[in-house]
Amino acid sequence: MTSQNTPVQPPLLAQGLLQILAGQAKAAPLLGDLYEEFQQRAVSSIPAARAWYWQQTIHSLPYVVTHSLVIIKLLRYTTYASLALVPVLVAFIAWLSSFDQFPTGVEQGMQRLITGQLPGLLTESAIWAQFPLALTEVEDLWFLVHPPALLWSLLSIAMGWYCYHRNRTTTAKLTGIFMMLIFTPYLIGKLYIFWYTPPARQVGPVLAFMVLHICYSLPPLACLLIKRLNLLVESRHE
Amino acid sequence: MAEPGKILGEFEQVTLLALLQLDNCAYGAAIRQLLHSRISRDVALGALYATLERMEKKGLVRSWLGDATPERGGRAKRYFEVTAKGRLALKQCKAALDTMWQGIIICSSGEMVYD
């Protein structure tokens, strides 16, 4: 308290950060404890009390973040958004299966393709412009069937299903495991292409494996994660 | 019953002991200050709440919300209390440690010898 007996206000930004991340109900006891000790410390030195408040806020962030409804909701929206990757990749494969040549404006397209630089290629608007035409020209869907990728995806989904039903797997761990299950073949494929620089005709099956595995495994694993996040949001609202 | 053979972590033990010492007035700030004054442990409130909530899930402590007070900016205290399971776990932990300490002598030089 100050000499006029009016309480000193703790740093508003730190308070706001805790309140936004943890939510009103969860943050109230924590903020109350911080406020109480802050007032005691402010009697001897206000700057020291403010520094202490910030230090406590920063050290409390791991607790607040793991219990944050805002982060859970953000993760849920990100998971929904990640599903948009599947049609993009399907359109990309459709375009590749009827591939003739790279559209003008895509520099070193073939070089980037055979070195597995797919994210870079997918940012090229010239390639995106070809997707609708490629999809309308598709005669059958056999280009989407890749037995090794299918088998690997089934194993990944089974592993994800097992982790989902294990009581001890936290949501943070589950998110990490799912990311690993979805993207590990892609990373391994990238490393294989980078280290062994195989000839162009051998890169095709590797790329197909990398991309189709994401297409197969992302929807079921994302649905499982969304289900878990919904349960978490419900339990936090109770 | 506490799970036999499951020893509490060091911080869990000191937190449970702090709750017992504070009797029915154990809440975040009081527990933090007690740990600081008794064992010079300057713990973050977030870390303390994380431990308390983990122990609450295990059934070692229980919590309830008190009334909002002006000296806390109009926010309620969250009180914690050790359950019977928590007390049993503490007793088992103490018994295990006492057994393991038997025969260990601390010399004046600070060295430990087993006799």
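Residue numbering restarts at 1 for every chain, and letters A, B, ... go by the order of the sequence lines. Quick note: numbers below take in every heavy atom, side chains included, and nothing from hydrogens, waters or symmetry partners. All figures in this text were calculated on a predicted structure; none of them were measured in a lab.
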Could you check which of B:Gly46, B:Gly28, B:Ala50 has the highest count of heavy-atom pairs closer than 4.5 Å to chain A? B:Gly46

So which of B:Ala47, B:Gly73, B:Gly74, B:Ala30 has the biggest tally of heavy-atom pairs under 4.5 Å with chain A? B:Gly73

Just give me the residue among A:Thr66, A:Leu31, A:Thr57, A:Ile58 that pairs up with chain B most often, heavy atom to heavy atom, under 4.5 Å.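 Of the candidates given, the most pairs with chain B belong to A:Leu31.
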
Once rounded to the nearest 0.5 Å, what's the spacing between atom [atom1] of [X] and atom [atom2] of [Y]?
X       : Y       : atom1 : atom2 : result
A:Glu37 : B:Arg32 : CD    : CZ    : 4.0 Å
A:Gln39 : B:Arg72 : CD    : CZ    : 11.5 Å
B:Asp42 : A:Gln55 : CG    : CD    : 6.0 Å

[atom1]/[X]: more than 12 non-hydrogen atoms of other groups inside 6.0 Å:
X       : atom1 : value
B:Asp67 : CG    : no
B:Phe11 : CZ    : yes
A:Trp52 : CH2   : yes
B:Trp64 : CH2   : yes
B:Arg38 : CZ    : no

Hey, does the side chain of A:Gln56 reach the backbone of B:Leu45 with a donor-acceptor pair shorter than 3.5 angstrom? yes

Donor-acceptor contact below 3.5 Å, side chain B:Arg75 vs main chain A:Ala27: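 It does not hold such a pair.
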
Per-residue contact mode, B:Leu48 against chain A (heavy atom under 4.5 angstrom):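 Neither; nothing under 4.5 Å.
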
Distance only, no hydrogens: is a donor on one side chain within 3.5 Å (strictly under) of an acceptor on the other, for B:Glu53 and A:Tyr63? yes

Closest heavy-atom contact between B:Arg78 and A:Pro29? CB-CB, 3.7 Å

What part of A:Leu61 gets within 4.5 angstrom of chain B, counting heavy atoms only: side chain, backbone, both, or neither?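 Answer is neither: A:Leu61 stays 4.5 Å or more from chain B.
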
